[in-house]
Amino acid sequence: MRLSRYYMPLMRETPAEAQIVSHRLMLRAGLIRQMSAGIYAWLPLGKRVLAKIEQIVREEQNRAGAVEVLMPTIQSADLWRESGRYDAYGAEMLRIKDRHDREMLYGPTNEEMITDIFRSTVKSYRQLPLNLYHIQWKFRDEVRPRFGIMRGREFLMKDAYSFDLSAEDARKSYRKMFIAYLRTFARMGLKSVPMRADTGPIGGDLSHEFIILAETGESQVFCHRDLIEMPVPGEDFDFDGDTESVVNQRTSLYAATEEMHNAEAFAALPDDKQVSARGIEVGHIFYFGTKYSKAMGAKVAGPDGTDVTVEMGSYGVGVSRLMGAIIEANHDENGIIWPDSVAPFDVGLIDLKPGDPVTGELCARIYRDLTQAKLDVLYDDTEERTGAKFASMDLIGVPWQIIVGPKGATKGVVEIKNRRTGERAEMTPEAAIARFAAKDM
RNA sequence: CGGGGCGUAGCGCAGUCUGGUAGCGCAUCUGCUUUGGGAGCAGAGGGUCGCGUGUUCGAAUCACGCCGCCCCGACCA
């Protein structure tokens with residue numbers, strides 16, 4: 001992408017409304033624009049990152065055996081009356097009426113809807129286990145939206161719903177999602193820690209929050225140090241095999257949010273293993289049994305021919321919130337530092353002297369070759385001053401920069417810079433192209 | 001929902017107390033110079049001062065009402 005033809009409105013000054021670093025950087029780097037309290041438009045750079053995060057979530061859901069669907073944002077109030085949550089949910093639910101005066105709502109979650117789909121289409125235990133998920137916009141009319149996208153009213157969420165014949169099978173489904181989440185967040189360069197959580201209004205007896213440690217986290221968390229560096233299962237992990245040992249390895253160590261914190265148990269850990277930190281919740285999984293299936297009559301025929309009310313769980317990932325969490329965990333005073341896997345572009349190519357045939361031709365060649373190698377390159381061919389170009393590229397956080405200046409170009413070298421470490425190296429254009437084209441970054 | 005604050009050019013702000021031609025910096029546009037870390041000079045464009053009603057010869061400024069946004073707390077993916 002040539003920057004001169006792209007749309008990337010940056011801000012040099014920090015908007016007054018933004019308090020936390022991810023919010024400030026998202027506005028300054030032109031990722032989002034606020035349209036209303038807690039409601040944002042996604043600009044091209046933000047849209048690219050959102051799509052990358054979404055795709056990682058999707059791939060890991062699929063890997064764990066979940067099947068993607070897409071449910072509507074607008075739901076009928078009738079469904080929610082069946083579960084009893086229409087009255088229970090409160091003012092966070094955005095209620096609307098259509099032209100026929102029918103009561104509708106903008107979905108804050110989809111347990112009722114997926115249960116309705118399930119009960120009308122799945123009739124036999126032979127079709128279980130089943131885990132359906134979708135990635136869709138939700139709306140919760142928070143009293144006080146804040147922290148930018150981290151706690152907006154409209155947000156993109158992946159929510160999965162598992163259906164099983166027995167409580168034992170449901171726990172197996174729960175463990176698959178537990179492991180899928182470990183992999184999902186790790187692929188985004190985040191260290192997540194599963195913590196025993198309160199089940200809240202969704203109900204149930206088994207629940208974990210997945211927390212990212214960050215200084216600006218919204219809540220206080222406590223955990224065993226070993227959890228932070230614990231390696232996650234690889235791509236070849238067998239989700240139909242032994243999931244218990246992976247989960248047990250983690251759940252056996254102390255980890256709790258403030259609400260669930262047990263100071264005594266925490267104090268019993270060796271001093272050097274006690275981690276008390278701030279955290280951001282990016283995922284939450286629940287096993288809640290028959291809460292909805294019972295209320296809504298979601299039953300299948302069991303092996304003996306009699307109806308069995310299915311056991312359910314639900315599993316959420318805050319897709320849009322993750323972008324804020326990633327920035328909270330990956331930035332410096334100059335701007336964002338994207339992990340490779342979610343970066344809006346792989347490489348930023350800077351022509352320091354646009355209009356100069358030597359740098360121009362060199363940039364054109366590098367751009368063409370890297371693009372052919374399937375890399376996303378942001379090619380700064382604008383007339384900005386060099387200082388402004390460096391500052392912009394640093395701000396938007398592209399992991400690697402290739403800097404083509406007139407002096408180097410005549411000597412036949414370009415400079416590559418690592419955004420995270422600041423390390424620079426001079427090399428021939430061929431070497432630079434080979435290095436990135438091999439994706440050996 | 002309780003408490004506090006703010007709405008003036010794209011962004012950051014001054015002006016409001018004490019009513020009298022709407023300002024500053026950055027950004028934008030033009031020209032010249034400059035060119036490896038957010039340049040200099042000269043010039044230009046851009047504002048229903050959140051909205052409404054009232055007071056007044058005259059309202060960004062005073063009064064009343066409304067709307068929007070932010071912060072602290074309670075609440076939450």
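Lettering follows sequence order; numbering is per chain, from 1. Just so we're clear, the structure is a prediction, and the values are computed from it rather than from any experiment.
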Looking at every strand, decide which applies to [X] at a 4.0 Å heavy-atom threshold: base, sugar-phosphate, or nothing.
X	value
A:Gly316	nothing
A:Arg153	nothing
A:Glu218	nothing
A:Asp394	base
A:Gly355	nothing

Starting at atom [atom1] of [X], determine the distance to atom [atom2] of [N], rounded to an integer number of angstrom.
X	N	atom1	atom2	value
A:Glu92	B:C75	CD	C1'	7 Å
A:Asp380	B:G37	CG	C1'	13 Å
A:Glu384	B:U34	CD	P	19 Å
A:Tyr7	B:G10	OH	P	14 Å
A:Arg385	B:A27	CZ	C1'	15 Å

Could you check which nucleotide pairs with [N] in any of the strands shown, counting Watson-Crick or G-U wobble with both distances under 3.5 Å?
N	answer
B:G73	B:C1
B:C51	B:G65
B:C29	B:G43
B:C13	B:G23

Practice problem: Answer yes or no for this row: A:Phe390 ring on B:G36 base, centroids under 5.5 Å, planes under 30°. | Solution: no
Can you list everything that forms a side-chain contact (heavy atoms from CB on, under 4.5 Å) with [X]? Sequence neighbours excluded, please.
X	value
A:Ala256	A:Tyr254, A:Met260
A:Val246	A:Ile179, A:Leu182, A:Pro233, A:Phe237, A:Arg250
A:Pro129	A:Asp164, A:Ser173

Between [M] and [N] - [atom1] atom distance, rounded Å:
N	M	atom1	result
B:G38	B:G15	P	31 Å
B:C13	B:A22	C1'	14 Å
B:U48	B:G5	C1'	25 Å
B:G3	B:A77	P	27 Å
B:U8	B:A59	C1'	14 Å
B:C49	B:C24	C1'	15 Å
B:A63	B:U55	C1'	7 Å
B:U16	B:A60	P	14 Å

Quiz item: For the salt bridge (charged side-chain N to carboxylate O under 4.0 Å, His left out) test, which of A:Arg119, A:Lys291, A:Arg85 pairs with A:Glu112?
Solution: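 With A:Glu112 as partner, A:Arg119, A:Lys291, A:Arg85 yield a single salt bridge (charged side-chain N to carboxylate O under 4.0 Å, His left out), made by A:Arg85.
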Practice problem: Could you identify which residues of residues 10-18 of chain A place a heavy atom less than 4.0 Å from some atom of RNA chain B, listed by residue number, or say none? | Solution: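 Of all residues in residues 10-18 of chain A, the ones placing a heavy atom under 4.0 Å from RNA chain B are A:Arg12, A:Glu13, A:Thr14, A:Pro15, A:Ala16, A:Glu17.
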Practice problem: With a 4.0 Å heavy-atom cut-off, tell me which residues in residues 27-34 of chain A come close to RNA chain B, sorted by residue number. | Solution: A:Arg28, A:Gln34
Quiz item: What's the closest nucleotide to the A:Ala388 side chain, out of B:A77, B:G38, B:G36?
Solution: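 Looking only at side-chain atoms, A:Ala388 lies closest to B:G38.
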Quiz item: Considering only side-chain heavy atoms of A:Met157, which listed nucleotide, B:A77, B:G37, B:C70, is closest?
Solution: B:A77
Residues in ring-ring contact (aromatic ring centres under 6.0 Å, His included) contact with [X], at least two apart in sequence or another chain:
X	answer
A:Phe345	A:Tyr6
A:Trp338	none
A:Phe222	A:His261, A:Phe266

Quiz item: Any donor-acceptor pair under 3.5 Å joining the side chain of A:Lys417 to the base of B:G37?
Solution: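 Such a pair is found, so the answer is yes.
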Exercise. Would you kindly check whether a donor in the side chain of A:Arg151 faces an acceptor in the base of B:C76, or vice versa, at under 3.5 angstrom?
Key: yes
With sequence neighbours left out, what residues match [X] under salt bridge (charged side-chain N to carboxylate O under 4.0 Å, His left out)?
X	result
A:Arg424	A:Glu415
A:Asp159	A:Lys138
A:Lys389	A:Asp380

Quick check: [Y] with [X] (ring centres under 6.0 Å apart)?
X	Y	result
A:Phe178	A:Phe210	yes
A:Trp137	A:Phe155	no
A:Phe163	A:Phe118	yes

Quiz item: Side-chain N or O of A:Arg144 less than 4.0 angstrom from OP1 or OP2 on B:G2?
Solution: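 Checking B:G2 against A:Arg144, no side-chain N or O comes under 4.0 Å of OP1 or OP2.
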Quiz item: Taking the six-membered ring of A:Tyr86 as reference, does the NZ or CZ atom of A:Arg81 fall below 6.0 Å from its centre and within a 45° cone about the axis?
Solution: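 Relative to the ring axis of A:Tyr86, which defines the angle, A:Arg81 lies inside both limits.
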Exercise. Select from A:Ile149 and A:Gly405 the residue whose nearest nucleotide in RNA chain B is closer to the 5' end of that strand.
Key: A:Gly405
Quiz item: Between A:His23 and A:Lys389, who's closer to the 5' end of RNA chain B by nearest nucleotide?
Solution: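 Its nearest nucleotide lies further toward 5', so the answer is A:Lys389.
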Could you run down the sub-3.5 Å N/O contacts of the protein with nucleotides 48-50 of chain B?
none

